[in-house]
Number of protein chains: 2
Amino acid sequence: MKAKHENTESEILEAAKTVFQQKGMAGSRMQEIADKAGINKAMLHYYFRSKQMLFEAVFKNAFKLLAPQLKKVLDEDADLFDKIRGFTNSYISFVIKHPYLPNFIIQELNKTPDFIERLRADKDFPNIEKFKLQVEDNVNRGVIKPISGEQLFINIMSLNILPFIAAPLFKGFLDANDKEYRVLMDQRKTEVAEFIINSIRL
Amino acid sequence: MKAKHENTESEILEAAKTVFQQKGMAGSRMQEIADKAGINKAMLHYYFRSKQMLFEAVFKNAFKLLAPQLKKVLDEDADLFDKIRGFTNSYISFVIKHPYLPNFIIQELNKTPDFIERLRADKDFPNIEKFKLQVEDNVNRGVIKPISGEQLFINIMSLNILPFIAAPLFKGFLDANDKEYRVLMDQRKTEVAEFIINSIRL
DNA sequence: ATCTTTGTTAACCAAATGGTTAAACTGTAT
DNA sequence: ATACAGTTTAACCATTTGGTTAACAAAGAT
């Protein structure tokens, strides 16, 4: 038959994404997702069987969006400094489009750490080996100070991700309103990359 | 009368802390807290009236523990570089003692951002003004490159906090087990401070 | 001794919640 | 037209959950 909604399944996913990402698995209600999708609660179970399975579908979709961002650092062929600049600059655009996504992933991964195993099975799961070699190479060529690929990767991620995840906390400490904080984040688009490069450049 | 338990109230707070910090407000059950405290569920309401009020008591306690850590960067009189080294080194010890605390605060603050207003009323709420002056002074004296106190503060916090909050995610990317990741965090005790100082030193 | 205040418990309650079911609806194939 | 398959809904169900109540226990005050 022709569905009343063009594509009920994707409407459910869209509604579930919104609710789950803002309230987390435990804080979300099936009824709220159904309302947001404009359908009956039974439909959620018809298409996804259970809350858990609907949640996992949303989570996997979210991760699929984040992974390509990380690939910019890990897998691309660009020069190391360009990579750092490119990632830093593009990550903020990504977060503006998906404000709740990184926090959502980190949060739920903390509540269910073994979830990462299932993600790793995916072919698109980010792999750090190439980046490690690139860093090593830059160290050997005397372009940058000695640092391990792991630590540099953690540093790049930390400087870019935390300011968004901890935004309410930082707004409090800095006594900044939304607009002022947004200005700070805009400055970081270029500042963070230079901060990192300054630190490692020889 | 003499209470059956020496101090029921603090036993409740201790149990509630454990449960709330690991599962969050929405994911926690009053029954589980009561069980962990070894008392009847009605006692929770006798001492704290509601789940919300118990939660806020736990949250405020948690914040009271975190604030002094930040004061090490914001309010102490030490030299800027020493401050950075001191904070970085001591923060990891703090996190080992309270593994769920920073994540807990950031997470719940994201779900209830206006909570920060109530915290700011507290006399012990961290204030960044002094740190901003110190950074400005160091810039003017030509000790460090130009950078705003806000951005430097955000950078210090990010490099120290995210690796713990996003530990499951990083463990996945780096393909590191708990022990290996712990080694990386140990290295960071000194590496992070030098990373920051290298970046800003003139 | 008994009254009073505080602490504690078992039993209970109403609402919320994830999930199920049986019937109805709709387009398509026969 | 009728049968058939997938889709949708209203009503229902069992369990969970935060919260309440009434009775009880224990210690100090009178």
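Residue numbers start from 1 in every chain, and the chains themselves are labelled A, B, ... in the order their sequence lines are given, proteins ahead of strands. Below, each value reflects all heavy atoms present in this structure, side chains not excepted, and no hydrogens, waters or symmetry copies.
Enclosure of atom CZ in B/R120 by more than 12 non-hydrogen atoms of other residues, nucleotides or ligands within 6.0 angstrom is indicated. Around the CZ atom of A/R118, the shell of radius 6.0 Å holds more than 12 heavy atoms that belong to other residues, nucleotides or ligands. Counting non-hydrogen atoms of neighbouring residues, nucleotides and ligands closer than 6.0 angstrom, the NZ atom of A/K23 reaches no more than 12 such neighbours.
Applying the salt bridge (Lys or Arg N to Asp or Glu O under 4.0 Å) rule to pairs touching residues 33-48 of chain B yields nothing, sequence neighbours excluded.
Among residues two or more places apart in sequence or in another chain, the side chain to side chain donor-acceptor pair (under 3.5 Å) test is passed with B/K130 by B/D77.
Distance CG (B/N40) to P (D/dT21): 15 Å, rounded to an integer number of Å. Atom CZ of B/F48 is separated from atom C1' of D/dT20 by 19 Å (rounded to the nearest Å).
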Can you give me every donor-acceptor pair (side chain of residues 143-153 of chain B, partner residue at least two apart or in another chain, under 3.5 Å) with its distance?
residue: B/K145; atom: NZ; partner: B/S199; partner atom: O; Å: 3.1
residue: B/S148; atom: OG; partner: B/Q151; partner atom: N; Å: 3.1
residue: B/E150; atom: OE2; partner: B/K132; partner atom: NZ; Å: 3.2
residue: B/Q151; atom: OE1; partner: A/R188; partner atom: NH1; Å: 2.8
residue: B/Q151; atom: NE2; partner: A/L184; partner atom: O; Å: 3.1
residue: B/Q151; atom: NE2; partner: A/Q187; partner atom: OE1; Å: 2.9

Enumerate donor-acceptor pairs with a distance under 3.5 Å from any side-chain N or O in residues 90-107 of chain A to protein atoms, sequence neighbours excluded.
residue: A/S90; atom: OG; partner: A/K72; partner atom: NZ; Å: 3.2
residue: A/S90; atom: OG; partner: A/G86; partner atom: O; Å: 3.3
residue: A/S90; atom: OG; partner: A/F87; partner atom: O; Å: 3.4

Taking N or O atoms only and anything under 3.5 Å, show me the protein contacts with nucleotides 14-18 of chain C, one pair per line.
residue: C/dT17; atom: OP1; partner: A/R29; partner atom: NE; Å: 2.6
residue: C/dG18; atom: OP1; partner: A/S28; partner atom: O; Å: 3.4
residue: C/dG18; atom: OP1; partner: A/R29; partner atom: NH1; Å: 3.2
residue: C/dG18; atom: OP1; partner: A/K51; partner atom: NZ; Å: 3.1
residue: C/dG18; atom: OP2; partner: A/M30; partner atom: N; Å: 3.1
residue: C/dG18; atom: N7; partner: A/K41; partner atom: NZ; Å: 3.2

Close N/O contacts between protein and nucleotides 21-24 of chain C (under 3.5 Å):
none

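Comparing C/dT9, D/dT9, D/dT7 by their nearest atom to the side chain of A/Y46 picks out D/dT7.
Residue B/T8 places no side-chain N or O under 4.0 Å from the OP1 or OP2 atom of C/dG7.
In this structure, B/D79 does not pair ionically with B/K83, as no charged nitrogen and carboxylate oxygen lie closer than 4.0 Å.
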